[in-house]
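Below is one structure, written out as C-alpha cells; comments come after it.
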Amino acid sequence: MSPPEILIVGAGPAGLTAATYLGRFRRNVRVADGGEPRACWIPLSHNMPGFPAGIGGPAILERMREQAREYGADIRPGRVERLMRDADALVAVIDGERIAVRAVLLATGVVDHHPDLPGVERAVQRALVRICPICDGYEATGKAVAILGDSDKGAREAAFMRTYSDRVTLIHVGPPEHLTQVDEMARLGIEVVAAPLEGVQLQDDRVTALDWGGQSRAFDLIYSALGTSPNAELARDLGARLADDGRLEVDLHQATSVPGLWAAGDVVRGLNQIAVATAEAAVAATDIHNTLRRADGWTVAD
Ligand SMILES: Cc1cc2nc3c(=O)[nH]c(=O)nc-3n(C[C@H](O)[C@H](O)[C@H](O)COP(=O)(O)OP(=O)(O)OC[C@H]3O[C@@H](n4cnc5c(N)ncnc54)[C@H](O)[C@@H]3O)c2cc1C
C-alpha cells in the first residue's frame, strides 16, 4: 500500500465522511481511530436525514466505516499523540509510529462533562439522561424535564426546552454567580432550584427522582447541560487559532489558521450535530483535494 498523503484524526461522522470523499477523489487516506466517537452514544436518532424510523449511533458509524473502506480508506485504531511541522509536511506520532503527510483533517470531536450521577454512562446510552436538546428535545414534548446546569448554558437549554414543555425545572449546581438569567427563567415559567444534588433515586437503574435540600422530585427526563471540552490540543500545540470556547476557528473551507491543517465536526464551533459534521467534512475534503492539486501545479483547481 502506498504511503498516505492525508491523515484524518478521528473516526466519527466527520472523519469517516471526509474519508469517503477523499477516497472518491482517489487520495490515499489514513484514518486514526481513537475509539468511542460521541456518535456511538446515540441510542436512537430521529433527526438523521434519510432515516424516518430513526437509527442508532453504532449503526450510523458502521455504515460510514463500510462506505469509507469501499473507497480505500485505511482505518486503523490509534491515538495521534502529536502533530509537528517538518518543511512542507505535517508529521504525526500515532501510538509511537511517525507518519509524514501533506494534509491533516482534525475530526476529534469533544468530550462531554457528565453529571456526577451513579451509572450515568449507561443512563446516557439508554436516553434516560440526555445531553442534546437539539437532537431529541422533540421526544420530550409535554414531559416533566429537569435541566442540570452550572452556568448560563443551563439557562439557555432550559429556555430552549420551553419549545416542548411547560414543565421545565433548571437545577443549578454551580456557584450562584454563574447563573445570571434568573429573572428570564421566571418570565418563561421555568422553576429554578439552586442547590447541590444530594441524591438520586433509581429504579431498575433508571433515574426516577432527584433529591436536594430535603426535597425529592420526580421527572420524566433529565438533561445535562454541563458542557463539553473540545479535543483541540493537537491543533493548539501547532499554533492554530481557537475560539473563546476552545473550539477551532476555520475559514469557509474548514481550513484552520495553520497551513495544511483542516478541521470539521464538533471540534469546530457549531451545532454539535451529525448533519453539520458531515457537511463540514465534505467541504474540508474537497478543499484539501483542490489545495493539493494546486500544489501539484494544476492551475484550474477550483
Ligand atoms: C447521547 C448523544 C446523543 C446524540 N444524538 C444526536 C442526534 O440524535 N442527532 C445528531 O445529529 N447528533 C447527535 N449527537 C451529536 C453527535 O454525536 C455529534 O455531533 C457527532 O458525533 C460529531 O461527530 P464528530 O465526528 O465531530 O465527533 P465524534 O463523533 O465525537 O468523533 C470524534 C473521534 O475523534 C477521536 N479522537 C479524538 N482525539 C483523537 C486523537 N488524538 N487521535 C485519534 N482519534 C482521536 C475520538 O476518539 C472520536 O472517536 C448526540 C451525541 C450524544 C453524546
Side-chain angles (χ1 to χ4, degrees), residues 7-20 30-51 54-61 64-65 68 75-83 92-97 99 104-114 120-140 221-238 247-248 250 254 262-282 284-285:
L7 173 67
I8 296 175
V9 189
L16 293 172
T17 300
T20 295
R30 164 94 172 256
V31 182
D33 177 359
E36 293 237 325
R38 246 183 133 218
C40 78
W41 292 72
I42 304 174
L44 190 65
S45 173
H46 291 282
N47 71 352
M48 265 289 285
F51 292 93
I55 181 168
I60 297 169
L61 290 164
M64 287 185 163
R65 273 193 295 268
I75 306 171
R76 297 191 208 174
R79 280 204 84 74
V80 177
E81 293 149 13
R82 247 185 104 191
L83 280 179
V93 182
I94 310 176
D95 292 340
E97 178 200 4
I99 64 166
V104 172
L105 174 71
L106 268 198
T108 45
V110 297
V111 174
D112 288 285
H113 302 167
H114 287 309
V120 66
E121 298 195 346
R122 195 163 146 65
V124 170
Q125 281 163 336
R126 295 184 58 206
L128 304 174
V129 171
R130 300 186 175 190
I131 52 184
C132 176
I134 292 176
C135 305
D136 50 28
Y138 184 88
E139 280 71 40
L221 283 175
I222 297 165
Y223 274 86
S224 166
L226 298 176
T228 58
S229 294
N231 293 320
E233 301 82 4
L234 294 170
R236 186 198 57 209
D237 292 349
L238 266 179
R247 292 202 266 176
L248 275 160
V250 292
Q254 302 297 132
W262 282 256
D266 287 1
V267 72
V268 172
R269 211 181 238 286
L271 269 187
N272 287 5
Q273 290 289 287
I274 292 174
V276 177
T278 56
E280 289 178 350

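Computed over heavy atoms, backbone and side chain alike; hydrogens, waters and symmetry mates excluded. Read the numbers this way: they start at 1 and go in the same order the structure lists the ligands and their atoms.
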Between [X] and ligand 1, does any nitrogen or oxygen pair lie at a separation below 3.5 Å?
X: Pro13; value: yes
X: Arg79; value: yes
X: His46; value: no
X: Val80; value: yes
X: Asp112; value: no
X: Asn272; value: yes
X: Gly34; value: yes
X: Gly35; value: yes
X: Ile274; value: yes

[X] heavy atoms, cut-off 4.0 Å: which ligand 1 atoms fall inside?
X: Gly12; result: 25 (O), 29 (O), 31 (O)
X: Val9; result: 40 (C), 42 (N), 43 (C)
X: Ala39; result: 17 (O), 21 (O), 29 (O)
X: Ala32; result: 43 (C), 44 (N)
X: Asn47; result: 7 (C), 8 (O), 9 (N), 10 (C), 11 (O)

Should one rank [options] by closest heavy-atom distance to [atom], which comes out on top?
atom: atom 32 (C) of ligand 1; options: Gly56, Ala107, Ala18, Gly57; value: Ala107
atom: atom 37 (C) of ligand 1; options: Leu234, Thr108, Ile8; value: Thr108
atom: atom 22 (C) of ligand 1; options: Asp266, Leu61, Leu106; value: Asp266

- Task: With heavy atoms only and a cut-off of under 4.0 Å, state how Ser45 meets ligand 1: side chain, backbone, both or neither.
- Result: both
- Task: Considering only non-hydrogen protein atoms, determine which one is nearest to atom 6 (C) of ligand 1 and report residue, atom name and distance to 0.1 Å.
- Result: Cys135 SG, 3.1 Å
- Item | salt bridge (charged side-chain N to carboxylate O under 4.0 Å, His left out) partners of residues 30-47, not counting sequence neighbours, each pair once | Arg30-Glu97, Arg38-Asp112, Arg38-Asp266
- ligand 1 contacted by Cys40 (non-hydrogen, < 4.0 Å): no
